[in-house]
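Quick note: numbers below take in every heavy atom, side chains included, and nothing from hydrogens, waters or symmetry partners.
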Amino acid sequence: LANRLPADTVQQWKAWLSGLAAVSKVLLVVDYAETRQKTLLELLEAALQVQGAKAKDVSSLRVHVLCLARDGSWWDDLKFLPECSALMRTWMSGTGNWGHASLPPWASTDRPSAFQDALED
């Protein structure tokens, strides 16, 4: 996500997801995620809504999210923000949906393979 997002970013994201093929994998990367919590929640909720609509057509949409942050404390409080809907809180409380860890120091040559692994999961 760019530093300055267009006002209709979430609507564009939802429209783009809706137009994907029945079976699709998507990787959403959010840099400085700790400063974009509201937008992150809106994008995730839009993905859940599109995924729910596609599920009725026996479709499968997998959205992987990579949040890059410089502070880890924001993550645990995300579901308690007023912008976090009941749908998101329920989904975030499910098992296996969320995980976070600090990354080990990597050589710059290791990063492309890590991103490729995330895309292929």
Side-chain angles (χ1 to χ4, degrees):
L1 297 173
N3 191 26
R4 295 181 188 204
L5 297 172
D8 65 343
T9 296
V10 175
Q11 291 81 8
Q12 287 182 32
W13 167 248
K14 192 171 182 177
W16 183 78
L17 287 174
S18 296
L20 290 175
V23 177
S24 298
K25 293 181 183 179
V26 176
L27 174 63
L28 172 65
V29 179
V30 182
D31 198 8
Y32 290 96
E34 74 277 16
T35 67
R36 296 182 169 95
Q37 295 176 37
K38 180 181 177 202
T39 303
L40 174 62
L41 287 170
E42 290 172 346
L43 293 170
L44 292 174
E45 184 155 357
L48 279 176
Q49 290 169 357
V50 170
Q51 184 180 37
K54 286 184 177 282
K56 294 174 187 168
D57 298 325
V58 192
S59 302
S60 177
L61 173 64
R62 292 181 67 186
V63 178
H64 294 251
V65 182
L66 176 60
C67 296
L68 304 173
R70 279 72 182 168
D71 174 21
S73 62
W74 68 277
W75 183 257
D76 294 326
D77 297 329
L78 192 62
K79 64 183 171 185
F80 300 111
L81 293 176
E83 294 87 3
C84 190
S85 70
L87 174 66
M88 281 303 302
R89 278 193 298 276
T90 299
W91 188 73
M92 291 170 76
S93 297
T95 58
N97 290 324
W98 296 96
H100 68 283
S102 297
L103 295 176
W106 285 349
S108 60
T109 56
D110 294 337
R111 292 179 183 165
S113 65
F115 280 98
Q116 189 62 41
D117 290 345
L119 286 171
E120 293 174 357
D121 181 21

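- Leu66 CG to His64 NE2: the interatomic distance, rounded to the nearest 0.5 Å, is 11.5 Å.
- Residues Gln49 and Lys14 meet the side-chain proximity criterion, which asks for heavy atoms closer than 4.5 Å.
- In this view, Lys79 and Cys84, Arg89, Met92, Ser93 satisfy the side-chain contact (heavy atoms from CB on, under 4.5 Å) rule, not counting sequence neighbours.
- Between the side chain of Arg36 and the main chain of Val30, no donor-acceptor pair closer than 3.5 Å is present.
- In this structure, Tyr32 is not a member of the same hydrophobic cluster as Leu41, with clusters built from ILVMFWY side-chain heavy atoms closer than 4.5 Å.
- Atom CD of Glu83 sits about 12.0 Å away from atom CE of Met88, to the nearest 0.5 Å.
- Contacts of Trp16 classified as side-chain contact (heavy atoms from CB on, under 4.5 Å), with partners at least two apart in sequence or in another chain: Trp13, Leu20, Val26.
- Between the CD atom of Gln11 and the CD atom of Glu42 there is a distance of 8.0 Å, given to the nearest 0.5 Å.
- Under the side-chain hydrogen bond (donor to acceptor under 3.5 Å, both in side chains) criterion, Gln12 pairs with Asp8, not counting sequence neighbours.
- Side-chain atoms of Leu43 and Leu28, non-hydrogen and from C-beta on, do get closer than 4.5 Å to each other.
- When the side-chain hydrogen bond (donor to acceptor under 3.5 Å, both in side chains) test is applied to Thr35, no partner is found at least two apart in sequence or on another chain.
- Every residue meeting the side-chain hydrogen bond (donor to acceptor under 3.5 Å, both in side chains) condition with Glu45, not counting sequence neighbours, appears here in chain and number order: Ser85.
- In this structure, Leu81 and Lys38 have side chains that are not in contact, with every pair of non-hydrogen atoms separated by 4.5 Å or more.
- When side chains are defined from C-beta on, Leu78 counts as touching Leu40, because their heavy atoms get closer than 4.5 Å.
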